[in-house]
There are 2 protein chains.
Amino acid sequence: MNGLSIKEVAKAANVNKETIRYYESRGLIPIPPRTESGYRIFPKETIKRINFIKHAQELDFTLEEIKKLLEAYDEEIVDLREIKEFTTQKIKEIEFKIRDLQNMKRVLFNLAEKCPDSKASIFECPLIQKFTEGGSK
Amino acid sequence: MNGLSIKEVAKAANVNKETIRYYESRGLIPIPPRTESGYRIFPKETIKRINFIKHAQELDFTLEEIKKLLEAYDEEIVDLREIKEFTTQKIKEIEFKIRDLQNMKRVLFNLAEKCPDSKASIFECPLIQKFTEGGSK
DNA sequence: CTTGACTCTGTATTCGGGGACAGGGTTTAT
DNA sequence: ATAAACCCTGTCCCCGAATACAGAGTCAAG
């Protein structure tokens with residue numbers, strides 16, 4: 001009644017079994033109890049946890065970073081200054097990335113919009129050149 | 001006088017030699033001429049080209065995508081509808097990503113700001129829970 | 001009691017994007 | 001003419017994040 005097989009978790013969280021075992025080995029999900037014969041039995045929270053992981057991954061958190069967040073989440077008492085440090089650092093990275101993406105978007109947008117609509121020289125789009133100026137970052 | 005060694009290019013573009021050879025093998029930079037003894041001689045445009053690649057990489061373009069952009073850049077006459085398609089598609093991806101990052105930033109910001117400043121239960125930050133709701137994406 | 005679906009462990013492979021290094025040839029300075 | 005500093009090709013190794021597979025054990029149905 002209580003406890004899910006690895007397959008049920010995999011299906012519910014929309015990942016495959018190997019991924020779950022992999023997360024276990026990386027310490028991202030708690031080590032689940034086993035049946036007598038050695039089958040893993042997962043609490044249903046595991047599904048939420050995997051959702052969390054997948055969500056954070058989409059935002060370019062590495063598994064290592066996600067592990068940290070989850071550790072904070074797990075320990076009910078935690079030094080929040082540490083996680084605060086971590087998150088504000090991550091926020092900065094995100095802000096950088098957003099700015100870069102907005103730049104890129106502008107460049108692409110101009111490339112798409114300003115250029116003549118059919119066959120023409122790409123050099124009529126002076127914007128592509130902006131890209132080639134200066135060193136990266 | 002005209003033409004740079006691989007090391008000069010590497011230094012100027014701030015990558016290392018292997019990377020340049022790798023880009024050549026992937027078709028990202030034109031195949032350079034060689035000296036009689038087989039040493040590559042690069043035109044100085046190669047530096048700009050590598051800058052372009054690095055810049056685009058920071059924005060999560062894959063080398064394959066960058067190759068496409070560069071091909072458009074190389075062929076002076078190109079069907080711009082195709083590249084327009086490509087860029088508008090990419091713009092959409094970027095917009096998605098920006099939205100996701102802004103969400104993430106908000107979540108992290110709240111986590112960092114609203115939580116008590118030192119030791120406390122992380123569950124006093126209800127925001128971390130928002131994270132675990134629903135499916136990914 | 002056998003078959004099929006499921007699970008286990010462990011190892012290997014993939015993919016992107018390079019880095020490291022071996023074993024050799026070349027160019028430049030001394 | 002020899003050492004240092006280059007360059008070449010080729011192959012293997014690294015990381016992150018899985019995925020695949022081999023070989024074995026287990027469980028439920030007929």
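We name chains A, B, ... by the order of the sequence lines, and we start the count at 1 in each one. Quick caveat: nothing in here was measured; it's all calculated off a predicted structure.
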*Sort and list the pairs that fulfil salt bridge (Lys or Arg N to Asp or Glu O under 4.0 Å) and have at least one residue in residues 38-47 of chain B, not counting sequence neighbours.*
B:E24-B:R40
_Spacing between A:E8 atom CD and C:dT7 atom C1', to the nearest angstrom_ = 13 Å
*Name all residues meeting the salt bridge (Lys or Arg N to Asp or Glu O under 4.0 Å) criterion together with A:R99; count only those two or more places apart in sequence or in a different chain, and write none if there are none.*
none
*Could you pull out all residues at least two apart from B:E64 that satisfy side-chain hydrogen bond (donor to acceptor under 3.5 Å, both in side chains)?*
B:R26
_If the helix axis at each end comes from five base pairs, how far does the helix from C:dC1-D:dG30 to C:dT30-D:dA1 deviate from straight, to 10°?_
20°
*Please identify each residue that fulfils side-chain hydrogen bond (donor to acceptor under 3.5 Å, both in side chains) with A:Y39, with sequence neighbours left out.*
none
*Looking at residues at least two apart in the chain, or sitting in another chain, which of them share a salt bridge (Lys or Arg N to Asp or Glu O under 4.0 Å) with A:E8?*
none
*side-chain hydrogen bond (donor to acceptor under 3.5 Å, both in side chains) against B:R21, all qualifying residues, sequence neighbours excluded*: none
_Counterpart residues, side-chain hydrogen bond (donor to acceptor under 3.5 Å, both in side chains), relative to A:T62 (two or more places apart)_ = none
*Check every nucleotide of DNA chain D for an atom under 4.0 Å from a heavy-atom of chain B, then give the first and the last such nucleotide from 5' to 3'.*
D:dC6 to D:dG10
Side-chain donor-acceptor pairs under 3.5 Å in residues 10-18 of chain B, sequence neighbours left out?
{"residue": "B:N16", "atom": "OD1", "partner": "B:T19", "partner atom": "OG1", "Å": "3.1"}

*Taking the side chain as every heavy atom from C-beta outward, state whether A:I50 and A:F42 have any pair of such atoms under 4.5 Å apart.*
no
*Spacing of A:I29 atom CD1 and A:Y23 atom OH [to the nearest 0.5 Å]*: 9.0 Å
*Hey, is the side chain of A:R40 poking within less than 4.0 Å of OP1 or OP2 on C:dC8, counting only N and O atoms?*
yes
*asked:* At under 4.0 Å between heavy atoms, how does the protein contact nucleotides 18-30 of chain C? Give one character per nucleotide, 5' to 3', with B, S or -.
replied: BSB----BBS---
